[in-house]
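Values in this document were obtained by computation on a predicted structure and should not be read as measured data. Just so you know, residue 1 is the first one in the sequence shown, and it goes up from there.
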Amino acid sequence: MLKNPTPRGIAFFTSLLLSLFIGILSYVSHPDILSALLIALVSFCFGFFVFYYALEFFIYRKIKLVYKNIHQLKTQKGASVSNLIQNLDPISGVNDEVVEWAKDQRTEIEQLRKMETYRKEFLGNVSHELKTPLFAIQGYIDTILEGDVEDKEFVQHFLKKAALNGDRLSMLIQDLENISQLESGELTMQVDIFDIHDTISDVFDSLESRAAEKKITFSFKEGCDRPFIVEADKNRIRQVILNLIVNSIKYGNEGGYTKVGLYDMDENILIEITDNGIGVPEEHLPRLFERFYRVDKSRSRDEGGTGLGLSIVKHIIEAHHQTINVRSAIDVGTTFGFTLTKA
């Protein structure tokens, strides 16, 4: 009967019990039924007023204020919250709301801790990636300065190595700038209508000599060697395809292949780039698109690159409001798949 009571209900039952008790005491002291009833009635009226006033103005309104503040902290919508509070019973709901709010705060704190860990890891990776080419350049220059400067071949050899590390440093800075622009939305997509099949063929041609070094062959899957018209930023999508195919060459096996599949998915075109390379362990797949994340750090750096390629790929695809995924198996190969809007 007293489930989810209001201040008026609490005041009524409390006053009723108190007036009955006082009436009984009065009747026991002076056995006059009319006097006892009158005293009980006065006690009830006075008690009801006192209890109701105390509950409403000193307790209930303060709980209501706490409840409202919790809603404001959770939703940041003061106007809508004020309307919502009038239709709620704060005493029955405030405990659940406090518990839920505490859980939200705990979750937010855990996320902040994860972000702090990620930030420290990212700064450490940036520092390491920048130091590597800088130290190499400094070492080559110092070697030239301290060596036999009359030996032109010696100087030429070390200058070429210094230049290669300079290019790597420049590429790293450019990739970091691209990611920053993509994340902040400063880098807008210039949408065109084009044949994605032609774009992939162009990338095949540009990487043919690099693939030939490992005797890797390029091809389209059966039924996919035909036009597929999409609506996207042609230059950015070419960068995505270039990065993914270069990745398949880096980690492909000698004499292997890279195949591209194109599939009509009603409103979208699905592009899949598959190789039969070394594959990626399953535990590494969730982090594969993170900045500077490398499955095999020593081999990745030997193969070149900044460690930002897949992160840039993911950002470009998401900037097109599309998705990218990866599946892989050790010694079987890897497949990257992403979608683009069909024109």
Side-chain angles (χ1 to χ4, degrees), residues 160-161 163-168 170-172 174-175 178 190 192-230 232-264 269-280 288-289 294-296 299-317 320 324-329 331-340:
K160 284 181 179 179
K161 287 192 173 184
L164 286 173
N165 280 276
D167 291 340
R168 180 183 174 187
S170 176
M171 188 166 55
L172 173 61
Q174 183 62 48
D175 283 351
N178 286 338
Q190 303 297 324
D192 300 311
I193 295 176
F194 62 96
D195 183 2
I196 189 67
H197 178 276
D198 284 347
T199 302
I200 295 169
S201 297
D202 290 342
V203 174
F204 279 169
D205 291 339
S206 66
L207 296 174
E208 189 174 5
S209 59
R210 184 166 180 175
E213 294 176 3
K214 296 180 72 171
K215 299 179 182 179
I216 290 175
T217 58
F218 293 146
S219 65
F220 288 94
K221 292 184 179 180
E222 186 177 352
C224 301
D225 197 1
R226 62 182 179 83
F228 287 83
I229 310 303
V230 298
D233 187 319
K234 185 175 182 178
N235 291 329
R236 292 294 171 188
I237 295 304
R238 189 182 191 281
Q239 183 182 1
V240 167
I241 295 166
L242 184 70
N243 281 350
L244 293 177
I245 294 179
V246 165
N247 207 63
S248 74
I249 296 172
K250 283 182 182 179
Y251 305 106
N253 291 320
E254 190 85 15
Y257 62 76
T258 296
K259 294 182 179 181
V260 177
L262 299 165
Y263 308 98
D264 191 327
I269 299 295
L270 171 64
I271 300 98
E272 288 193 335
I273 298 174
T274 303
D275 64 62
N276 62 338
I278 61 175
V280 179
L288 207 57
F289 293 102
R294 301 177 189 268
V295 177
D296 185 342
R299 176 168 180 171
S300 297
R301 291 193 173 91
D302 290 340
E303 293 285 351
T306 62
L308 295 169
L310 290 180
S311 182
I312 291 174
V313 163
K314 181 174 181 287
H315 279 85
I316 290 175
I317 297 302
H320 284 80
I324 184 168
N325 58 76
V326 58
R327 58 183 186 272
S328 185
D331 297 328
V332 175
T334 303
T335 297
F336 286 94
F338 63 93
T339 54
L340 293 175

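Smallest separation of non-hydrogen atoms from L310 and L288: CD1-O, 3.6 Å. Scanning all heavy atoms of the two residues, the minimum distance from G261 to C224 falls at CA-SG, 3.8 Å. For the pair I317 and I324, the tightest heavy-atom approach, listed with the atom from each and the gap, is CG2-N, 4.1 Å. Among all heavy-atom pairs drawn from A211 and I249, the shortest one is CB-CD1, 4.1 Å.
Put simply, CD1 on I278 and OH on Y251 are 7.5 Å apart, with the number rounded to the nearest 0.5 Å. In this structure, the separation between CD1 on I271 and CG on L340 is 4.0 Å, given to the nearest 0.5 Å. Rounding to the nearest 0.5 Å gives a distance of 10.5 Å between NE2 of H197 and CG of D202. Residue I200 holds its CD1 atom at 4.5 Å from CG of L262, rounded to the nearest 0.5 Å. For the atom pair K250 NZ and I216 CD1, the distance stands at 12.5 Å (nearest 0.5 Å).
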Q: May I have the step-by-step check of side chain to side chain contact (heavy atoms under 4.5 Å, CB included) for T335 and V326, ending in yes or no?
A: CA-CA 6 Å; T335 297; V326 58; over 6 Å; no
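Partners of D331 according to the salt bridge (Lys or Arg N to Asp or Glu O under 4.0 Å) rule, which considers only residues two or more places apart in sequence or in another chain, do not exist here.
Ring geometry for F204 against F218 counts as parallel: the plane angle stays under 30°, on a 0 to 90° scale with 60° as the upper cut.
Not a single donor-acceptor pair under 3.5 Å links the side chain of N325 to the backbone N or O of F338. Of the possible donor and acceptor atoms, none in the side chain of D225 sits under 3.5 Å from a partner among the backbone N and O of F220. A donor-acceptor distance shorter than 3.5 angstrom exists from the side chain of S328 to the backbone of G333, with no hydrogens or angles considered. Under a 3.5 Å cut-off, the side chain of K215 and the backbone N or O of G256 do not form any donor-acceptor pair.
The residues K259 and E222 are annotated as not salt-bridged, no charged nitrogen and carboxylate oxygen being separated by less than 4.0 angstrom.
Remark: aromatic rings of F194 and F228 are distant, center separation not under 6.0 Å.
Using a 4.5 Å cut-off on side-chain heavy atoms (C-beta onward), E272 and Y263 make contact. At a threshold of 4.5 Å between non-hydrogen side-chain atoms, the residues I229 and I193 count as touching.
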Side-chain donor-acceptor pairs of residues 236-248 under 3.5 Å, sequence neighbours excluded:
| from | atom 1 | to | atom 2 | distance (Å) |
| --- | --- | --- | --- | --- |
| R236 | NH1 | Q239 | OE1 | 3.1 |
| S248 | OG | I245 | O | 2.6 |
| S248 | OG | T258 | OG1 | 2.9 |

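Side chains of D233 and H320: a donor-acceptor N/O pair is absent below 3.5 angstrom, by distance only.
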